[in-house]
Amino acid sequence: DGGITQSPKYLFRKEGQNVTLSCEQNLNHDAMYWYRQDPGQGLRLIYYSQIVNDFQKGDIAEGYSVSREKKESFPLTVTSAQKNPTAFYLCASSIDLKGTEAFFGQGTRLTVV
Amino acid sequence: GESVGLHLPTLSVQEGDNSIINCAYSNSASDYFIWYKQESGKGPQFIIDIRSNMDKRQGQRVTVLLNKTVKHLSLQIAATQPGDSAVYFCAENRASGTYKYIFGTGTRLKVLA
């Protein structure tokens, strides 16, 4: 079955540590995205990638980094520079950036203690 | 600023009744709109989409209406069921930009037995 997979579902890290969230899709989509979701707020775009080896900052990129070495993979690293990293992180993909449905993964809940 | 928002943060509906969830958008250049459903702890699921050259689109038990004159989008759910309880997001995709999906904060739909 085609889909988008995020792992792990829950992640705990100590303050000051970097952590990488995995996102893999087998939909053959060119575009991939990372969003952050906080209680009572809409999804906020962290980074997006239109194609392999290319990515752009979203609205809240500070303290995060990404890579897009393979079409199917778009890992997100939450660095120690991110001041409030505890959140629900969602990865999505779409055929391209414009006018097509975005498919979401099931999310990773990151808790920094 | 330009945004996508929702009028009602919480909507309670009796089982079997119809539900209407509303959304306002401010960018007249947006030409593609999506409704997502998100259950607790999960990623958003695509419900239905509509392009700006249409006023109405119907799916299974759901209808999306687009009023470009007042920049308003609505999702109608017929014969609401307990399984419809979730948070519903609208999103716009701005074809005039390099991307992107802009999400509202969401409306929580509660189905009362």
Side-chain angles (χ1 to χ4, degrees), chain A residues 2-10 21 23-25 27 29-51 54-61 87-111, chain B residues 1-10 21 23-27 29-54 57 59 64 66 73 86-108:
Chain A
I4 183 164
T5 303
Q6 290 185 243
S7 61
K9 187 171 176 63
Y10 299 98
L21 282 59
C23 179
E24 304 278 333
Q25 54 97 1
L27 300 167
H29 286 171
D30 283 320
M32 296 187 75
Y33 315 78
W34 274 105
Y35 291 92
R36 170 180 172 139
Q37 187 175 39
D38 294 286
Q41 297 191 37
L43 303 181
R44 292 186 289 167
L45 183 65
I46 304 172
Y47 268 97
Y48 67 101
S49 169
Q50 186 173 359
I51 200 168
D54 178 73
F55 51 83
Q56 304 294 329
K57 292 182 179 180
D59 300 317
I60 56 164
F88 189 50
Y89 290 88
L90 287 161
C91 180
S93 70
S94 61
I95 294 173
D96 56 35
L97 289 180
K98 300 178 181 180
T100 58
E101 173 190 349
F103 292 83
F104 283 85
Q106 290 302 297
T108 293
R109 185 166 299 281
L110 172 65
T111 302
Chain B
E2 297 172 337
S3 64
V4 172
L6 296 172
H7 298 308
L8 300 174
T10 303
I21 301 172
C23 176
Y25 67 95
S26 57
N27 187 351
S30 294
D31 67 353
Y32 179 62
F33 305 87
I34 311 172
W35 279 102
Y36 286 96
K37 172 186 180 183
Q38 187 177 24
E39 297 177 47
S40 181
K42 296 185 178 180
Q45 293 176 278
F46 172 89
I47 300 173
I48 194 168
D49 59 1
I50 189 168
R51 298 194 183 277
S52 58
N53 60 353
M54 301 173 70
R57 190 161 189 232
V64 55
L66 176 62
L73 192 68
V87 174
Y88 290 81
F89 296 94
C90 64
E92 65 176 305
N93 186 258
R94 297 178 182 177
S96 60
T98 57
Y99 68 104
K100 64 182 183 182
Y101 299 95
I102 304 297
F103 293 87
T105 55
T107 291
R108 182 174 300 280

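Here the structure is a predicted model, which means the values were calculated and not measured.
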Item to complete: Please confirm whether A/Phe104 and B/Phe46 have ring centers closer than 6.0 angstrom.
Response: no

Worksheet entry | chain A contact via B/Gln38 - side chain, backbone, both or neither, heavy atoms under 4.5 Å | side chain

Fill in: Test item: B/Tyr32 side-chain N/O and A/Glu101 main-chain N/O as donor-acceptor pair under 3.5 Å
yes

Practice prompt. With rounding to the nearest 0.5 Å, note down the distance linking CG in B/Asn93 to OG in A/Ser94.
Written response: 8.0 Å

Worksheet item: At a heavy-atom separation under 4.5 Å, does A/Gln37 approach chain B through its side chain, its backbone, both, or neither?
Response: side chain

Worksheet entry | Residue part contacting chain A, namely of B/Phe33, when any heavy atom lies under 4.5 Å | neither

Item to complete: Please name all residues satisfying ring-ring contact (aromatic ring centres under 6.0 Å, His included) with A/Tyr89, sequence neighbours left out, ordered by chain then number.
Response: A/Tyr64

Response to the item:
Nearest heavy-atom contact between B/Pro44 and A/Leu90 is CD-CD1, 3.7 Å

Practice prompt. Examine whether an atom of A/Leu43 lies under 4.5 Å from a heavy atom of chain B, and if so say whether it belongs to the side chain, the backbone or both; otherwise answer neither.
Written response: both

Worksheet item: Sub-3.5 Å donor-acceptor pair from the side chain of B/Lys42 to the main-chain atoms of A/Gly107, do we have one?
Response: no

Practice prompt. With sequence neighbours excluded, tell me which residues meet salt bridge (charged side-chain N to carboxylate O under 4.0 Å, His left out) with A/Asp38.
Written response: A/Arg36, A/Arg44

Practice prompt. Check the pair A/Tyr35, B/Tyr101 against ring-ring contact (aromatic ring centres under 6.0 Å, His included), reporting the backbone distance first and the verdict last.
Written response: CA-CA 11 Å; A/Tyr35 291 92; B/Tyr101 299 95; 7.5 Å; no

